[in-house]
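Worksheet: the structure to be examined is printed underneath.
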Amino acid sequence: MTSIETAPAETSAATFTSLNPANGEVVGTHPIHDAAHVQATVASVRKEAERWRALGFDGRKKALAAWRKVIAHRLDELASLMSRENGKPHGDALLEASLAIDHLAWAGSHAEKVLKRRMVSPGLLMVNQAATIEYRPLGVIGVIGPWNYPVFTPMGSIAYALAAGNGVVFKPSEFTPGIGEWLAATFKEAVGHGVFQVVTGYGETGAALTTSGVDKVAFTGSTATGKRVMAAAAATLTPVVIEAGGKDAMIVDADADIAEAVDSALWGACGNAGQTCAGVERVYVHDRVYDTFLEQLVTAAEKVKAEPGGQLGPITMPSQVEIIRRHIDDAIARGGRAVVGGPVPEGARYVQPTVLVDVPEDSAAIQEETFGPTVTVTRVKNMDEAIRLANGTPFALGSTVFAKDKGMEIAEQLRAGMTAINSVISFAGIPTLPFGGVGQSGFGRIHGADGLREFTYPHAIARQRFRPAIELTSFRRTDKAEQQLVKVIKGLYGRGKK
Ligand code: NDP
């Protein structure tokens, strides 16, 4: 490719550092991009997007495959950076990046099938028409990402938006800017194209991206910030995807495989130090197996340690420790008990796995997103009660069911964007499944065919093949034609008893 549009020159000399959350060491120094720089980047990407669109599905598929290859070759390097900047163990970083590559592969190779122009039925009344739909790219997508899954989460928007033919400007979290820059640098290296660029900085840079004239904002982050992004985007009628927080429940029925349910509950609650939007924060267990489940969970949780080199890394964002502490303290003050872990010591960077029982349903630990390695376990008398309680928060992102007989029946009654049966968070790794929430967890979808269409607009074309037998959309319409229409409609839709 020729004449690559390069990122605009820096308009601000201000910088900030990203720190290793395990020890506070500086990982990298990055520019704080101001509104002028953000606008210039969007303009540059918009120009590049024309050439990107012109590549067609096949050209983009090849380009994205080249990027995927570079990331796969340098997986270890990326995972090390992720460990340093986000704090997660190397193995967790490898898993996250691998899943992101899989999504990139799927998006690149399925965009044509999902989005290209296709025929649809014109219906009986319009049988003289040929009806087609094509999903066209919106233009430039502003992607605003969180720090907890700094590769997998933004890739859910970046890969799908690019595959659909858009340009992308990505603002990574202030805690993980180096990872964002790494992604853009490897894209440029592999593809030689400036259609995907990164801007760095604090919340103000994200706010500037929201109002920069992008054609859609794909936001992943907290519900509170999501509301601010949506309010700002409303001023220019810029559409938004909001992937916000969660308070996911797991339900364990009496016939569940308890050992598997325990393993999944623990990993779902504590993996990534509990900083997972679709992590397990609450478990509702059938009375008949509650004691066995809890006993096994306690035994398993006591073996998992949050420490340097341990299975759990530190809490990435220092201010989150205070929220986790408040939820645990509140649960205990209101009659709950910590059967593993307990109050978080002052100054802690690491939070140990914490299992809370007897926690009132209206407490913060049940109703608000904790985002730490904590889980509440609650006894229920039957699955109706489990479903009612699982559905009892304003959030509705993911959910989990462990059951032999009634897994599907229970899953279908959960108010959630996704449900895993007899495994945990599996839906996120399946590229064909859409990912997203309802209620306070947001709206819109990444991943799958829905995730590709999220970054497009449908263009409908009706092509007349021959003049209609009954001419209706013309001032030449006659009384006879109207009577014929009435006859057809009554014949088609008015038959049978009233
Ligand atoms: P935040 O809401 O704090 O930040 C998200 C992003 O928004 C960051 O890049 C942030 O920049 C930026 N931002 C902050 N203020 C503004 C603003 N006014 N306008 C535009 N952008 C802004 O979330 P976290 O980074 O703390 O991420 C954790 C949250 O993300 C959790 O609630 C989690 O549940 C959710 N999440 C949801 C997922 C989903 O798919 N549903 C997946 C992963 C996480 P900066 O960091 O520089 O302040």
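As the structure lists them, so they are numbered: ligands from 1, and atoms in each ligand from 1. Excluded from the calculations below are hydrogen atoms, water molecules and symmetry mates; all remaining heavy atoms, backbone and side chain alike, are included.
- Annotation: atom 27 (O) of ligand 1 to nearest protein heavy atom, Pro146 CB, 3.2 Å.
- Distances below 4.0 Å separate heavy atoms of Thr220 from the following atoms of ligand 1: 5 (C), 36 (N), 37 (C), 38 (C), 39 (C), 40 (O), 42 (C), 43 (C), 44 (C).
- Residue Met317 places no N or O, backbone or side chain, under 3.5 Å from any N or O of ligand 1.
- The part of Ile144 lying near ligand 1 is the side chain, judged by heavy-atom distances below 4.0 Å.
- Within the structure, the closest approach of Ala224 to ligand 1 does not fall below 4.0 Å when heavy atoms are considered.
- Protein heavy atom in closest approach to atom 40 (O) of ligand 1: Phe435 CE2, 3.2 Å.
- For Glu243 and Arg445, the salt-bridge test fails: no basic side-chain N is under 4.0 Å from an acidic carboxylate O.
- Close N/O approach between Ser173 and ligand 1 is found [any backbone or side-chain N/O within under 3.5 Å].
- Side chains of Thr432 and Trp106: no donor on one and acceptor on the other come within 3.5 Å.
- Atom 13 (N) of ligand 1 has Thr225 CG2, 3.7 Å as its closest protein atom, hydrogens excluded (heavy atom only).
- Contact atoms of ligand 1 toward Tyr202: 47 (O) (distance under 4.0 Å to a heavy atom of the residue).
- Close N/O approach between Ser222 and ligand 1 is found [any backbone or side-chain N/O within under 3.5 Å].
- Within the 4.0 Å heavy-atom shell around ligand 1 one does not find Phe175.
- Counting protein heavy atoms only, atom 36 (N) of ligand 1 is closest to Cys277 CB, 3.4 Å.
- Counted by atom type alone, Glu77 and Trp182 present one or more donor-acceptor pairs between their side chains at under 3.5 Å.
- Nearest protein heavy-atom neighbour of atom 46 (O) of ligand 1: Glu174 N, 3.0 Å.
- With hydrogens and angles left out, the side-chain atoms of Thr41 and Ser44 include no donor and acceptor closer than 3.5 Å.
- Listed by number with element, the atoms of ligand 1 under 4.0 angstrom from any heavy atom of Leu397 are 41 (N).
- Between Phe187 and His193, the distance from one ring center to the other does not fall under 6.0 angstrom.
- Per-residue contacts place Gly201 under 4.0 angstrom from the following atoms of ligand 1 (heavy atoms of the residue considered): 47 (O).
- Listed by number with element, the atoms of ligand 1 under 4.0 angstrom from any heavy atom of Val229 are 19 (N), 20 (C).
- Legend: residues meeting ring-ring contact (aromatic ring centres under 6.0 Å, His included) with Tyr284, ordered by chain and number and at least two apart, are absent.
- Summarising the geometry of Met155 relative to Ala100, their closest heavy-atom pair is CG-O, 3.8 Å, with the distance given to 0.1 Å.
- Close approach to Gly206 involves these atoms of ligand 1, each under 4.0 Å from a residue heavy atom: 19 (N), 20 (C), 21 (N).
- Considering backbone and side-chain atoms alike, Ser441 places every N or O at 3.5 Å or more from each N or O of ligand 1.
- With a 4.0 Å cut-off on non-hydrogen atoms, Gln275 does not touch ligand 1 at all.
- Neither the backbone nor the side chain of Thr276 has a heavy atom within less than 4.0 Å of ligand 1.
- A side-chain donor-acceptor contact under 3.5 Å links Ser399 and Thr419.
- A 6.0 Å sphere centred on NZ of Lys305 holds more than 12 heavy atoms belonging to other residues, nucleotides or ligands.
- If you look at Tyr149 next to ligand 1, there are no close heavy atoms at all, none under 4.0 Å.
- Checking Thr205 against His33 by side-chain atom types alone, no donor-acceptor pair falls below 3.5 Å.
- Atoms CD1 and OH, from Ile141 and Tyr160 in turn, are 15.0 Å apart once rounded to the nearest 0.5 Å.
- Within 6.0 Å of the CD atom in Gln367, the count of heavy atoms belonging to other residues, nucleotides or ligands exceeds 12.
- Looking only at protein heavy atoms, the nearest one to atom 41 (N) of ligand 1 is Ala244 O, 2.7 Å.
- With hydrogens and angles disregarded, no donor-acceptor distance shorter than 3.5 Å links the side chain of Asp358 to the backbone of Arg337.
- Residue contacts with ligand 1, taken as heavy atom pairs separated by less than 4.0 Å, involve Phe371 solely via side-chain atoms from C-beta onward.
- For the residue pair Thr316 and Lys88, no side-chain donor N or O sits within less than 3.5 Å of a side-chain acceptor on the partner.
- At least one side-chain heavy atom of Ile158 sits under 4.5 Å from a side-chain heavy atom of Phe196.
- By the criterion of a heavy-atom distance under 4.0 Å, the backbone of Pro172, and not its side chain, is placed next to ligand 1.
- Considering backbone and side-chain N/O atoms, Asn148 never comes within less than 3.5 Å of an N/O atom of ligand 1.
- For atom 8 (C) of ligand 1, the closest non-hydrogen atom of the protein is Gly145 O, 3.3 Å.
- Ligand 1 has no N or O atom lying under 3.5 Å from any N or O atom of Thr210, backbone or side chain.
- Of all protein heavy atoms, the one closest to atom 10 (C) of ligand 1 is Lys171 NZ, 4.0 Å.
- Using a distance-only test at 3.5 Å, with no hydrogens or angles considered, a donor-acceptor pair links the side chain of Glu48 to the main chain of Gly194.
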